[in-house]
Amino acid sequence: MVIPTLNAGERWVDCLEQIQGQSLKPHRLLNIDSASTDQTTSLAQSAGFEVVRIERLQFNHGATRQWAAQHLDDCDIIVFLTQDAILASPDALKELARCFDDETVAVAYGRQLPHKWATAIEAHAREFNYGAQSSRKDARAVDQLGAKVFFCSNSFAAYRRSTLLDLGGFGGNLILGEDMEFAARAIKAGYANVYCATASVFHSHDYTVLQTLERYFDIGVFDHANSWMREEFGSHSGEGLRFIASELRYLIKRAPQQLPKAIFQAIAKFLGYRLGLLERVLPLNLKRKLSMQPGFWRA
């Protein structure tokens, strides 16, 4: 198991406790920490983690995780978790690992449930993207699913190490999306990406409108840099429209007071994404201000 951290905060204790309570115990526990100034690393060491410290500007979503995969050379399956994702049941790791009984599975990711304190906006996002039904997604599913076929999240995902390395591992110069970029390559190479709904974590974010714009700017940057994925599997614009329609219906029924924020966030998503697609003509200082990953834009 690999968890990158930066000042993990109060949820870190819950994350570690749930890992220790798993019915399937990880053979290795690795914490890659980006110069935290709180108790993140001491708590990780107390929980049995090997701690590797890096400078904050060294962190990269793909390259850091790729280093971890190469470092864990005595492991067959590598589970990636984020510091704010809390395993939801004692069998979460066991259920996710079972997916690899099928030799054609390269990657499997779990269900994300909203935290108890999540807003209706975030609860809907988790319900829309992470349903109750597991699914196997391979080349045969492309016609039906389009770009959804490579959807995956390293907030809680596992990889067959040998396949990950054989296919070149995670991209080292990606602003985000290293999980989906690898899943797309794996599917193209004949492997499967599995959504395991029986393995779940609590994981959600209550983004502000500005944070939403930053997030979607980064997604636009990713999509522009990896246009081959849209060419190979199709655009996800239709899915975005379906999401907005579903969100409006959900909020009208359950939390109409959140409709204004949802509308402003939809506008922020559109603007951020479009700006991200145009990042090559934007000045460096502006890209740093628009991005949720300003360190990515270092000269």
Side-chain angles (χ1 to χ4, degrees), residues 4 6 34 57-67 69 80 82 106-107 109 112 125 128-130 137 142 145-157 159 164 167-189 193 195 203 205 207 210-244 265-299:
L6 168 59
S34 299
L57 287 179
Q58 284 182 269
F59 177 80
N60 174 275
H61 283 288
T64 301
R65 289 179 169 89
Q66 176 64 12
W67 180 89
F80 291 96
T82 52
V107 52
Y109 66 102
Q112 295 185 29
F128 185 88
N129 289 315
Y130 300 94
K137 300 182 289 184
V142 172
L145 297 176
K148 286 278 284 185
V149 76
F150 57 74
F151 182 81
C152 177
S153 174
N154 270 346
S155 289
F156 182 39
Y159 297 79
L164 176 66
L167 295 180
F170 296 119
N173 193 33
L174 300 174
I175 193 168
L176 46 66
E178 77 290 340
D179 38 21
M180 291 187 282
E181 194 271 342
F182 172 77
R185 282 190 284 117
I187 291 168
K188 192 175 179 182
N193 169 30
Y195 169 55
H203 180 249
H205 296 283
Y207 285 142
L210 178 58
Q211 288 172 325
T212 300
L213 185 144
E214 293 170 343
R215 172 73 175 172
Y216 276 78
F217 174 79
D218 292 346
I219 292 173
V221 171
F222 172 83
D223 276 0
H224 178 73
N226 297 278
S227 57
W228 71 268
M229 293 168 64
R230 285 178 291 166
E231 294 166 2
E232 184 79 22
F233 301 103
S235 169
H236 46 62
S237 58
E239 189 70 9
L241 293 174
R242 284 191 291 273
F243 177 89
I244 292 173
Q265 282 189 324
I267 296 170
K269 289 175 183 179
F270 177 81
L271 291 176
Y273 183 75
R274 291 298 172 182
L275 287 168
L277 292 177
L278 298 172
E279 64 88 4
R280 291 192 180 181
V281 301
L282 300 178
L284 183 60
N285 286 339
L286 179 58
K287 287 189 277 195
R288 286 174 176 155
K289 291 178 180 178
L290 288 171
S291 176
M292 194 171 271
Q293 309 288 336
F296 176 82
W297 301 104
R298 60 187 181 274

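For this chain, numbers begin at 1 and follow the sequence in order.
With contacts defined as side-chain heavy-atom distances shorter than 4.5 Å, the pair Phe156/Tyr130 does not qualify. Using a 4.5 Å cut-off on side-chain heavy atoms (C-beta onward), Ile219 and Tyr216 make contact. For the pair Leu290/Leu213, a side-chain contact is recorded, criterion being any heavy-atom separation below 4.5 Å from C-beta on. Looking only at side-chain heavy atoms (C-beta outward), His61 and Leu174 stay at 4.5 Å or farther from each other. Taking 4.5 Å as the limit, some side-chain heavy atom of Glu239 sits within range of a side-chain heavy atom of Phe128. Residues Tyr207 and Glu214 form no side-chain contact, since every pair of their non-hydrogen atoms from C-beta on lies 4.5 Å or further apart. Glu279 places none of its side-chain heavy atoms less than 4.5 Å from the side chain of Asp218. Looking at heavy atoms from C-beta onward, Phe59 lies out of side-chain contact with Leu6 at the 4.5 angstrom threshold.
Remark: aromatic rings of Tyr109 and Tyr195 are close, center separation under 6.0 Å.
Considering every non-hydrogen atom in both Ala184 and Trp228, the closest pair reads CB-CH2, 3.6 Å. When all heavy atoms of Ala147 and Gly234 are compared, the closest pair comes out as CB-O, 3.4 Å.
Side chain of Arg185 to main chain of Gly169: a donor-acceptor pair is present (N/O by atom type, distance under 3.5 Å, no hydrogens or angles). Listed for the Arg65 side chain is no donor-acceptor partner under 3.5 Å among the backbone atoms of Phe80. Of the possible donor and acceptor atoms, one in the side chain of Lys137 sits under 3.5 Å from a partner among the backbone N and O of Phe151. A donor-acceptor contact shorter than 3.5 Å is absent between the side chain of Arg288 and the backbone of Asn285. For the pair Asn193 (side chain) and Val149 (backbone), a donor-acceptor distance under 3.5 Å is present.
In this structure, CD on Glu232 lies 4.5 Å from NZ on Lys188, to the nearest 0.5 angstrom. In this structure, the separation between CG on Asn226 and CZ on Phe150 is 9.0 Å, given to the nearest 0.5 Å.
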